[in-house]
Amino acid sequence: LPVHEAAACGQLAAVQQLIAAAPQTIRAANTLGELPLHFAAASMHDGACATAAWLVAQLPGTALAADMHGYLPLVSLRCCVDVMPIALSA
């Protein structure tokens, strides 16, 4: 999905535009049950932490949303220390 690709690349502005155009895409899961946050949280691209932080701020509970393999975005968010308080407050 385009929003997943933008999140994986740390393209915050693109993620924001895609979600503004189609708000339901923030909760859109791919065939593995992964949300855009899964991609941003796991990414090593510049901008990925900012993208993850924005996604978590929009829907804090998604940091605890497991994909079909039980993977939580929260596990990868540990590298984004600024995001952790928001993610854990959900």
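When reading the values below, keep in mind they use all heavy atoms of this one structure, side chains included, and skip hydrogens, waters and symmetry mates. What you see is a predicted model, and the numbers here were worked out from it, not measured in a lab.
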I'd like to know whether Q11 forms a side chain to side chain contact (heavy atoms under 4.5 Å, CB included) with T51, so could you lay out the CA-CA distance, the side-chain angles of the two residues, the decisive distance to 0.1 Å, and finally the verdict. CA-CA 7 Å; Q11 297 176 349; T51 302; 5.9 Å; no
In the hydrophobic cluster built from side-chain contacts under 4.5 Å, what are the other members alongside M68?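 Its cluster partners, ordered by chain and number, are L32.
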Linked hydrophobic residues, L35 as query - side chain contacts closer than 4.5 Å: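 L35 shares its hydrophobic cluster with no other residue.
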Test side-chain contact (heavy atoms from CB on, under 4.5 Å) applied to L55 and T62, L12, I19, the passing residue: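 So, applying the side-chain contact (heavy atoms from CB on, under 4.5 Å) to L55 and each of T62, L12, I19, only I19 qualifies.
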Write down the atom of [X], the atom of [Y], and the distance for their closest heavy-atom approach.
{"X": "P73", "Y": "A65", "result": "CD-O, 3.2 Å"}
{"X": "A6", "Y": "A14", "result": "CB-CB, 3.9 Å"}
{"X": "A7", "Y": "P36", "result": "CB-O, 3.4 Å"}

Students often mix this up, so state it plainly: with edges at 30° and 60°, are the rings of F39 and H4 parallel, tilted or perpendicular? perpendicular
Stepwise side chain to side chain contact (heavy atoms under 4.5 Å, CB included) check, I26 with L59: CA-CA 8 Å; I26 197 166; L59 288 172; 3.4 Å; yes
Are T25 and L1 side-chain neighbours, meaning at least one heavy-atom pair lies under 4.5 Å? no
The reported gap from CG in N30 to CD in E5 (rounded to nearest 0.5 angstrom) is 10.5 Å
About how many Å separate OG of S43 and NE2 of H38, when rounded to the nearest 0.5 Å?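 One finds 14.5 Å between NE2 of H38 and OG of S43.
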Taking side chain to side chain donor-acceptor pair (under 3.5 Å) as the definition, give me every residue that meets it alongside D67, ordered by chain and number, with sequence neighbours left out.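 Checked D67 against side chain to side chain donor-acceptor pair (under 3.5 Å); zero matches.
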